[in-house]
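Here is the structure we will look at, set down as structure tokens.
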Amino acid sequence: MPSSDYPHREYFAERLLAWYRRGKRDLPWRRSRDPYHIWVSEVMLQQTRVETVIPYYHRFLERFPTIDALAAAPEEEVLKLWEGLGYYSRARNLQSAVREVKERYGGVVPDTKEDIATLKGVGPYTSGAILSIAYNKPEPAVDGNVMRVLARFFLIEEDIMKPGTRTVMEKLARSLIPDGEAGDFNQALMEFGALVCSPRSPQCLTCPVMERCAARHEGREDDLPVKKKAKPPRPERRLAAFIEGSGEHAGKVLIRQRPQEGLLARMWELPHILVEQGAGTTDDEAMRLLQGRLLQDETLDVLPQEPFMHAEHTFSHIHWDMQVYRCRLASADGKTGGALPELTPFHYRWMGHEEMEQYAFPNVFVRIFREAFKQG
DNA sequence: AACTCGGGGAG
DNA sequence: CTCCCAGAGTT
């Protein structure tokens, strides 16, 4: 159905805008008009809560205050500043896109939908957010908040996980934007979704548009939006080796860098293997598996000594159950035959405790190291 | 349309 | 526990 057929559109937009201007939060990125700053905030905010982003936003812009600064930075440093924030391709894409802006657009963030949408990591939501917030262009910025709010107020019962529903939402959201108020209105929608029209137990009693909310009238605000349930993460059992060096590597731990592509690309980690469910259930068998596979796959000759710790970590689609074993190198001189593994997808290196700040680790390994170093 | 890609906070 | 968050890219 055409967007113009939805009732109470003007009422909805005006009341929401007034509500926003009455009490909007003082967020760091709202203190800047720099399109680059807005851009950084929007990328960080993808699938990430406001409170989580704030400290990262400050650190990132302190180190990379301009497009030039980010474009010139070593990639490892960008990744390190992103450590713990997740979805690390965002960081790589952002730097790649910033370099593109420098080369192709003279360092000025483009202000047209066609140009900005070509930038890596800038999809339908982020392009609309930058265009509206930084340039006040009347483009919709439809995120999870906006879909929830629109689904409820206008009683849209389509599954919001379907791409077609997003198109409907974008058209409707575009038709709602009051003349000359795109930036504030789009932020009003998201702020409203975050603070009032929340996913669970929405605050209808304080809602500024409750009187004409279709879902509220039907008593169905708790049933909307319709969203198909995600598949549960598949379990993976992993065995990791905490290998302490001796001799010239005394006091150091062997770490490795993950491949360029895929999960946790280019981040550092403890050497570990994936084993079948049910395999290595006893520590004895697990240690044999670990020894055999590290030797076979990585030419890494270790002697597992004892169970060290246990860690679990859930990604969106995978659940890691990781058992860590304290290991020694098998070679008598403690130097793994002198050389670290080569001809594997990984890059190995010895790391002293004080060198952790030079490497970006997935959070599960940050936790493991913190615990290990606490034990001494 | 279905997967891949992190991590954490709230209830 | 479950849900989902100012999503994007790939197949």
Side-chain angles (χ1 to χ4, degrees), chain A residues 20 24-25 27-30 38-57 79 82-94 96-97 116-134 139-149 159-166 169-170 173 183 185-195 197-202 222 225 227-234 258-259 261-267 269 311-320 360-367:
Chain A
Y20 176 70
K24 63 177 175 180
R25 286 176 291 178
L27 301 176
W29 40 92
R30 289 183 179 159
I38 307 293
W39 182 8
V40 169
S41 75
E42 291 302 339
V43 172
M44 286 186 170
L45 286 162
Q46 290 167 8
Q47 295 292 285
T48 312
R49 286 174 161 58
V50 164
E51 306 76 48
T52 305
V53 165
I54 289 174
Y56 284 92
Y57 176 82
L79 197 57
W82 212 272
E83 183 187 71
L85 200 52
Y87 288 131
Y88 299 98
S89 65
R90 290 185 294 177
R92 181 179 42 193
N93 287 339
L94 177 60
S96 167
I116 202 167
T118 67
L119 299 173
K120 285 185 180 174
V122 179
Y125 164 75
T126 306
S127 65
I130 296 172
L131 290 172
S132 62
I133 297 171
E139 293 292 330
V142 176
D143 69 343
N145 286 310
V146 173
M147 294 218 270
R148 180 175 60 255
V149 169
D159 180 355
I160 63 170
M161 295 302 280
K162 299 169 89 166
T165 307
R166 180 192 191 79
M169 297 281 189
E170 281 174 350
F185 176 69
N186 283 347
Q187 292 186 83
L189 264 178
M190 295 187 277
E191 182 107 333
F192 176 70
L195 299 183
C197 199
S198 41
R200 280 179 291 198
S201 55
D222 288 326
K227 187 176 183 180
K228 196 178 67 177
K229 270 194 293 191
K231 285 172 56 176
R234 70 171 180 273
R258 296 175 64 88
E261 306 288 331
L263 181 67
L264 303 169
R266 300 181 207 187
M267 300 196 74
E269 64 181 11
E312 295 193 42
H313 190 66
T314 306
F315 305 94
S316 306
H317 54 307
I318 308 173
H319 177 84
W320 277 4
F361 292 100
N363 235 318
V364 59
F365 294 105
V366 171
R367 292 200 307 270

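Lettering follows sequence order; numbering is per chain, from 1. Keep in mind that what you see is a predicted model, and the values were worked out from it rather than measured.
- For the pair A:Asn93 CG and B:dT4 C1', the computed distance is 13 Å after rounding to whole Å.
- Within the nucleic acid shown, A:Val50 comes within 4.0 Å of at least one base atom, counting heavy atoms only.
- The residue A:Arg266 sits apart from the nucleic acid: no heavy atom pair falls under 4.0 Å.
- In terms of modelled atom types and a separation under 3.5 Å, the side chain of A:Arg30 and the main chain of A:Arg25 share a donor-acceptor contact.
- On a pure distance criterion of 3.5 Å, no polar donor-acceptor pair joins the side chain of A:Thr126 and the base of C:dG7.
- In terms of modelled atom types and a separation under 3.5 Å, the side chain of A:Asn145 and the main chain of A:Cys197 share no donor-acceptor contact.
- The side chain of A:Gln47 places no N or O atom within less than 4.0 Å of a non-bridging phosphate oxygen (OP1 or OP2) of C:dC5.
- Taking the nucleotide of DNA chain B with the nearest heavy atom to each of A:Ser201 and A:Lys228, the more 5' of the two is matched to A:Lys228.
- Here the side chain of A:Ser127 pairs no donor or acceptor atom with the backbone of A:Val122 at under 3.5 angstrom.
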Which atom pairs link the protein and nucleotides 1-3 of chain C when you take only N or O atoms and keep those under 3.5 Å?
none

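- Among the heavy atoms of the strands, none lies under 4.0 Å from A:Leu189.
- For A:Arg367, whose side chain is taken as the heavy atoms from C-beta onward, the closest listed nucleotide among B:dT4, C:dG7, B:dG8 is B:dG8.
- Position along DNA chain B of the nearest nucleotide to A:Lys231 versus A:Glu83 favours A:Lys231 as the more 5'-ward residue.
- Nucleotide B:dG7 holds its C1' atom 13 Å from the CH2 atom of A:Trp320, rounded to whole Å.
- C:dT10 atom C1' lies 18 Å from atom CZ of A:Arg90, rounded to whole Å.
- In this structure, A:Gly193 reaches neither bases nor backbone, as no heavy-atom distance under 4.0 Å exists between it and the strands shown.
- Atoms CZ (A:Arg166) and P (C:dA6) sit 14 Å apart, rounded to a whole Å.
- If you take atom C1' in C:dC4 and the same atom in B:dC5, they sit 15 Å apart, rounded to whole Å.
- With hydrogens and angles disregarded, a donor-acceptor distance shorter than 3.5 Å links the side chain of A:Glu83 to the backbone of A:Phe361.
- With rounding to whole Å, A:Glu51 atom CD is found 17 Å from C:dC4 atom P.
- B:dG6 and C:dT11 have their P atoms separated by 16 Å, with the value rounded to a whole Å.
- Between A:Phe315 and A:Trp320, the ring centre distance stays below 6.0 Å.
- Looking at heavy-atom distances under 4.0 Å, A:Arg148 makes contact with sugar-phosphate atoms alone, never a base.
- Side-chain nitrogen and oxygen atoms of A:His313 include at least one within less than 4.0 Å of the OP1 or OP2 phosphate oxygen of B:dG7.
- Among the protein residues, A:Thr48 comes within range of the nucleic acid bases, having at least one heavy atom under 4.0 Å from a base atom.
- When the P atom is used for both B:dG11 and C:dA6, the distance is 13 Å, rounded to whole Å.
- Nucleic acid contact class of A:Leu94 (heavy atoms, under 4.0 Å, all strands): none.
- Within 4.0 Å (heavy atoms only), A:Arg30 reaches at least one base atom of the nucleic acid.
- Atom CG in A:Leu119 sits 9.0 Å away from atom OG in A:Ser96 (nearest 0.5 Å).
- Within the structure, every side-chain polar atom (N or O) of A:Asn363 is placed at least 4.0 Å from both OP1 and OP2 of B:dG6.
- Between the C1' atom of C:dA8 and the CE atom of A:Met44 lies a distance of 16 Å, rounded to the nearest Å.
- Side-chain N/O atoms of A:His317 include one lying less than 4.0 angstrom from OP1 or OP2 on B:dC5.
- Residue A:Trp82 is out of contact with every strand shown, counting any heavy-atom pair closer than 4.0 Å.
- Comparing A:Lys120 and A:Trp29 by the nucleotide of DNA chain C whose heavy atom lies nearest to each, the residue mapping closer to the 5' end is A:Trp29.
- Along DNA chain C, the nucleotide closest to A:Leu119 and the one closest to A:Arg25 are compared, and the more 5′ of them pairs with A:Arg25.
- Between the side chains of A:Gln46 and A:Thr126, at least one donor N or O lies within less than 3.5 Å of an accepting N or O.
- Rounded to an integer number of Å, the gap from OH of A:Tyr87 to P of C:dA8 is 12 Å.
- With contacts defined as side-chain heavy-atom distances shorter than 4.5 Å, the pair A:Met147/A:Lys227 does not qualify.
- No salt bridge links A:Lys24 with A:Glu191; every basic N to acidic carboxylate O contact stays at or beyond 4.0 Å.
- The distance from atom OH of A:Tyr88 to atom C1' of C:dG9 is 18 Å, rounded to the nearest whole Å.
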